[in-house]
Amino acid sequence: MTFDLDLKAAVRTIPDYPKPGILFRDITTLMADARAFRRAVDELVNPWAGSKIDKVAGIEARGFILGGAVAHQLSAGFVPIRKKGKLPHTTIRIAYSLEYGIDEMEMHADAVHPGERVILVDDLIATGGTAEGAVKLLRQIGANVVAACFIIDLPDLGGAAKLRAMDVPVRTLMAFEGH
Ligand code: AMP
(Lines give C-alpha, C1' and ligand atoms only; values in the text may rest on other atoms or scores of the structure.)
Protein backbone atom coordinates (compact mmCIF):
# COMPACT_ATOMS: atom_id res chain seq x y z
CA MET A 1 0.00 0.00 0.00
CA THR A 2 1.46 3.39 -0.90
CA PHE A 3 0.55 6.85 0.37
CA ASP A 4 1.89 10.16 -0.89
CA LEU A 5 2.55 10.90 2.74
CA ASP A 6 4.90 8.25 4.10
CA LEU A 7 3.00 6.97 7.10
CA LYS A 8 5.51 4.22 7.76
CA ALA A 9 8.28 6.78 8.19
CA ALA A 10 6.19 8.46 10.90
CA VAL A 11 6.38 5.33 13.11
CA ARG A 12 9.38 5.26 15.45
CA THR A 13 11.09 1.94 16.11
CA ILE A 14 12.71 1.37 19.49
CA PRO A 15 14.97 -1.69 19.75
CA ASP A 16 14.95 -3.85 22.88
CA TYR A 17 11.84 -2.26 24.42
CA PRO A 18 10.19 -3.37 26.66
CA LYS A 19 12.66 -6.26 26.68
CA PRO A 20 15.68 -7.47 24.69
CA GLY A 21 14.89 -8.67 21.17
CA ILE A 22 11.62 -6.74 20.76
CA LEU A 23 11.38 -3.98 18.15
CA PHE A 24 8.77 -1.69 19.66
CA ARG A 25 6.73 0.11 16.99
CA ASP A 26 5.94 3.45 18.59
CA ILE A 27 2.98 5.29 17.04
CA THR A 28 3.25 8.34 19.33
CA THR A 29 5.40 10.00 16.64
CA LEU A 30 2.72 9.32 14.01
CA MET A 31 -0.02 10.70 16.26
CA ALA A 32 2.05 13.81 17.08
CA ASP A 33 2.31 14.61 13.35
CA ALA A 34 -0.96 16.35 12.44
CA ARG A 35 -0.99 15.29 8.77
CA ALA A 36 0.06 11.72 9.48
CA PHE A 37 -2.53 11.30 12.26
CA ARG A 38 -5.35 12.62 10.09
CA ARG A 39 -4.27 10.52 7.15
CA ALA A 40 -4.00 7.36 9.24
CA VAL A 41 -7.53 7.82 10.64
CA ASP A 42 -8.94 8.66 7.19
CA GLU A 43 -7.32 5.59 5.64
CA LEU A 44 -8.47 3.32 8.46
CA VAL A 45 -12.14 4.28 8.03
CA ASN A 46 -12.10 4.59 4.24
CA PRO A 47 -13.89 1.28 3.45
CA TRP A 48 -16.78 2.15 5.81
CA ALA A 49 -17.28 5.81 4.96
CA GLY A 50 -21.00 6.24 4.39
CA SER A 51 -22.00 2.86 5.83
CA LYS A 52 -23.77 2.52 9.13
CA ILE A 53 -21.46 1.66 12.00
CA ASP A 54 -23.04 1.76 15.46
CA LYS A 55 -19.98 1.49 17.69
CA VAL A 56 -16.21 1.57 17.57
CA ALA A 57 -14.54 -0.58 20.24
CA GLY A 58 -11.01 0.50 21.22
CA ILE A 59 -8.51 -1.65 23.08
CA GLU A 60 -6.67 -0.05 26.02
CA ALA A 61 -4.69 2.14 25.73
CA ARG A 62 -3.53 3.25 22.27
CA GLY A 63 -6.74 1.86 20.79
CA PHE A 64 -8.63 4.48 22.82
CA ILE A 65 -6.89 7.36 21.06
CA LEU A 66 -7.29 5.94 17.57
CA GLY A 67 -10.73 4.50 18.27
CA GLY A 68 -12.05 7.87 19.49
CA ALA A 69 -10.92 9.54 16.29
CA VAL A 70 -12.32 6.72 14.14
CA ALA A 71 -15.66 6.83 15.97
CA HIS A 72 -15.91 10.59 15.43
CA GLN A 73 -15.12 10.19 11.74
CA LEU A 74 -17.81 7.50 11.31
CA SER A 75 -20.38 9.26 13.52
CA ALA A 76 -20.39 6.14 15.69
CA GLY A 77 -20.32 5.67 19.45
CA PHE A 78 -17.12 4.62 21.23
CA VAL A 79 -16.79 1.75 23.74
CA PRO A 80 -13.65 0.92 25.71
CA ILE A 81 -12.23 -2.57 26.16
CA ARG A 82 -10.09 -2.43 29.29
CA LYS A 83 -7.79 -4.43 31.50
CA LYS A 84 -9.76 -6.06 34.31
CA GLY A 85 -10.90 -4.01 37.29
CA LYS A 86 -11.01 -0.60 35.57
CA LEU A 87 -14.63 -0.30 34.47
CA PRO A 88 -17.14 0.83 37.10
CA HIS A 89 -20.41 -0.82 36.00
CA THR A 90 -21.40 -4.45 35.34
CA THR A 91 -18.84 -6.05 33.03
CA ILE A 92 -18.26 -9.15 30.98
CA ARG A 93 -14.73 -10.54 31.06
CA ILE A 94 -12.54 -12.80 28.93
CA ALA A 95 -9.10 -14.31 29.43
CA TYR A 96 -6.68 -13.90 26.51
CA SER A 97 -3.21 -15.12 25.76
CA LEU A 98 -0.16 -12.90 25.85
CA GLU A 99 3.34 -13.80 24.74
CA TYR A 100 3.99 -15.14 28.23
CA GLY A 101 0.92 -16.21 30.18
CA ILE A 102 -2.63 -14.87 30.14
CA ASP A 103 -4.45 -11.71 31.15
CA GLU A 104 -8.09 -10.66 31.27
CA MET A 105 -9.99 -7.84 29.56
CA GLU A 106 -13.45 -6.46 30.19
CA MET A 107 -16.18 -4.33 28.71
CA HIS A 108 -19.42 -3.00 30.11
CA ALA A 109 -22.17 -5.57 29.59
CA ASP A 110 -24.52 -2.90 28.20
CA ALA A 111 -21.95 -1.14 25.99
CA VAL A 112 -23.15 -2.81 22.77
CA HIS A 113 -26.65 -4.00 21.96
CA PRO A 114 -27.27 -7.31 20.14
CA GLY A 115 -26.93 -6.93 16.39
CA GLU A 116 -25.07 -3.62 16.48
CA ARG A 117 -22.38 -3.16 13.85
CA VAL A 118 -19.03 -2.72 15.54
CA ILE A 119 -15.51 -1.96 14.31
CA LEU A 120 -12.61 -2.97 16.56
CA VAL A 121 -9.56 -0.66 16.68
CA ASP A 122 -6.03 -1.01 18.06
CA ASP A 123 -2.65 0.37 17.05
CA LEU A 124 -0.96 -2.90 16.14
CA ILE A 125 -1.71 -6.59 15.63
CA ALA A 126 1.04 -9.08 16.44
CA THR A 127 0.04 -12.61 17.53
CA GLY A 128 -3.61 -11.55 17.53
CA GLY A 129 -4.22 -12.83 21.06
CA THR A 130 -5.50 -9.44 22.25
CA ALA A 131 -7.75 -8.81 19.26
CA GLU A 132 -9.07 -12.38 19.27
CA GLY A 133 -10.11 -11.93 22.91
CA ALA A 134 -11.78 -8.62 22.07
CA VAL A 135 -13.74 -10.15 19.16
CA LYS A 136 -14.93 -13.01 21.39
CA LEU A 137 -15.98 -10.54 24.07
CA LEU A 138 -17.92 -8.43 21.56
CA ARG A 139 -19.60 -11.49 20.06
CA GLN A 140 -20.52 -12.71 23.54
CA ILE A 141 -22.84 -9.72 23.90
CA GLY A 142 -24.21 -10.12 20.39
CA ALA A 143 -22.16 -7.57 18.47
CA ASN A 144 -21.80 -7.91 14.71
CA VAL A 145 -18.04 -7.37 14.35
CA VAL A 146 -17.87 -5.80 10.91
CA ALA A 147 -14.09 -5.34 10.84
CA ALA A 148 -10.91 -4.92 12.84
CA CYS A 149 -8.52 -2.04 12.02
CA PHE A 150 -4.91 -1.58 12.97
CA ILE A 151 -2.29 0.89 11.80
CA ILE A 152 0.45 -1.74 11.94
CA ASP A 153 0.51 -5.44 11.05
CA LEU A 154 3.31 -7.79 12.06
CA PRO A 155 2.30 -10.50 9.55
CA ASP A 156 5.02 -12.95 10.56
CA LEU A 157 3.23 -13.37 13.90
CA GLY A 158 -0.02 -14.40 12.20
CA GLY A 159 -2.54 -12.25 14.08
CA ALA A 160 -4.35 -10.83 11.05
CA ALA A 161 -4.69 -14.32 9.55
CA LYS A 162 -6.09 -15.56 12.87
CA LEU A 163 -8.81 -12.86 12.84
CA ARG A 164 -9.67 -13.52 9.18
CA ALA A 165 -10.09 -17.20 10.09
CA MET A 166 -12.72 -15.99 12.58
CA ASP A 167 -14.54 -14.27 9.68
CA VAL A 168 -13.45 -10.80 10.74
CA PRO A 169 -12.26 -8.60 7.83
CA VAL A 170 -8.94 -6.98 8.81
CA ARG A 171 -7.65 -3.59 7.66
CA THR A 172 -4.04 -2.57 8.28
CA LEU A 173 -2.09 0.36 6.82
CA MET A 174 1.47 -0.95 6.91
CA ALA A 175 3.46 -4.05 7.78
CA PHE A 176 6.81 -4.67 9.41
CA GLU A 177 8.71 -7.92 9.03
CA GLY A 178 9.70 -9.90 12.08
CA HIS A 179 8.43 -9.19 15.54
P1 AMP B 1 -0.93 -9.34 20.19
O2 AMP B 1 -1.98 -9.72 21.19
O3 AMP B 1 0.26 -10.28 20.20
O4 AMP B 1 -1.51 -9.18 18.78
O5 AMP B 1 -0.33 -7.94 20.64
C6 AMP B 1 -1.00 -6.77 20.34
C7 AMP B 1 -0.90 -5.77 21.44
O8 AMP B 1 0.42 -5.65 21.98
C9 AMP B 1 -1.27 -4.39 20.92
O10 AMP B 1 -2.08 -3.75 21.88
C11 AMP B 1 0.05 -3.69 20.70
O12 AMP B 1 -0.05 -2.36 21.09
C13 AMP B 1 1.05 -4.45 21.57
N14 AMP B 1 2.28 -4.84 20.83
C15 AMP B 1 2.65 -6.11 20.52
N16 AMP B 1 3.82 -6.13 19.87
C17 AMP B 1 4.22 -4.84 19.74
C18 AMP B 1 5.35 -4.18 19.11
N19 AMP B 1 6.32 -4.87 18.50
N20 AMP B 1 5.40 -2.83 19.16
C21 AMP B 1 4.41 -2.12 19.77
N22 AMP B 1 3.33 -2.66 20.36
C23 AMP B 1 3.22 -4.01 20.35
Side-chain angles (χ1 to χ4, degrees), residues 1 6-33 36-37 40-41 43-45 55-71 78-87 91-107 111 118-140 143 145-179:
M1 204 172 293
D6 189 356
L7 281 183
K8 203 168 176 179
V11 174
R12 175 165 59 189
T13 297
I14 300 169
D16 299 321
Y17 182 88
K19 50 188 177 215
I22 302 286
L23 289 172
F24 191 85
R25 307 299 180 177
D26 174 20
I27 63 151
T28 64
T29 42
L30 182 151
M31 293 190 300
D33 176 331
F37 188 32
V41 173
E43 292 293 340
L44 277 181
V45 304
K55 304 271 167 63
V56 173
I59 300 175
E60 187 172 0
R62 279 159 284 169
F64 290 178
I65 303 160
L66 292 170
V70 165
F78 176 82
V79 300
I81 298 180
R82 301 207 63 176
K83 313 231 163 78
K84 67 170 180 239
K86 305 270 191 180
L87 289 167
T91 57
I92 55 167
R93 181 183 293 189
I94 194 164
Y96 65 103
S97 55
L98 293 168
E99 202 174 345
Y100 302 108
I102 60 162
D103 207 344
E104 289 176 293
M105 66 176 99
E106 292 181 335
M107 62 185 297
V118 178
I119 289 181
L120 179 69
V121 176
D122 202 0
D123 64 329
L124 177 148
I125 183 155
T127 66
T130 310
E132 180 187 28
V135 168
K136 286 182 177 166
L137 200 57
L138 286 162
R139 284 181 171 169
Q140 207 176 305
V145 183
V146 173
C149 301
F150 309 86
I151 291 184
I152 300 169
D153 185 15
L154 304 185
D156 297 344
L157 297 183
K162 186 185 282 183
L163 286 194
R164 290 185 180 114
M166 297 171 75
D167 286 326
V168 178
V170 178
R171 177 152 177 85
T172 61
L173 301 185
M174 66 185 76
F176 289 96
E177 284 177 20
H179 62 273

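Throughout, numbering of the chain's residues begins at 1 and tracks the sequence. Indexing begins at 1, ligand by ligand and atom by atom, following the structure's order.
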### Message
Taking a cutoff of less than 4.0 Å between a non-hydrogen atom of the residue and any ligand atom, is Ala131 in contact with ligand 1?
### Response
no

### Beyond-backbone contact of Arg93 with Glu106, side-chain heavy atoms, under 4.5 angstrom
yes

#### Entry: atom 10 (O) of ligand 1: the protein heavy-atom neighbour that sits closest, reported with distance to 0.1 Å
Asp122 OD2, 2.8 Å

### Message
Run the side-chain contact (heavy atoms from CB on, under 4.5 Å) test against Asp156 and tell me which residues pass, sequence neighbours left out.
### Response
Glu177

### Message
Walk me through whether Asp26 and Tyr17 qualify under side chain to side chain contact (heavy atoms under 4.5 Å, CB included).
### Response
CA-CA 10 Å; Asp26 174 20; Tyr17 182 88; over 6 Å; no

### Task
Have a look at ligand 1 and work out which part of Asp123, if any, has a heavy atom under 4.0 Å from it: side chain, backbone, both or neither.
side chain

### Query
How far is atom 7 (C) of ligand 1 from its nearest protein heavy atom, and which residue and atom name does that atom have?
Thr130 OG1, 3.9 Å

### Query
Nearest protein heavy-atom contact for atom 3 (O) of ligand 1: which residue, which atom, what distance?
Thr127 OG1, 2.5 Å

### Query
Is there a donor-acceptor contact under 3.5 Å from the side chain of Asp16 to the main chain of Gly21?
yes

### Message
Among all the protein's non-hydrogen atoms, which is closest to atom 20 (N) of ligand 1, and how far away is it?
### Response
Arg25 N, 2.9 Å

### Query
Under 3.5 Å, N or O to N or O, is Ala126 touching ligand 1 that way?
yes

### Task
Tell me which part of Leu23 gets within contact of ligand 1: side chain, backbone, both or neither, using heavy atoms under 4.0 Å.
backbone

### Query
What is the nearest protein non-hydrogen atom to atom 16 (N) of ligand 1, stated with its residue, atom name and distance?
Leu124 CD2, 3.6 Å

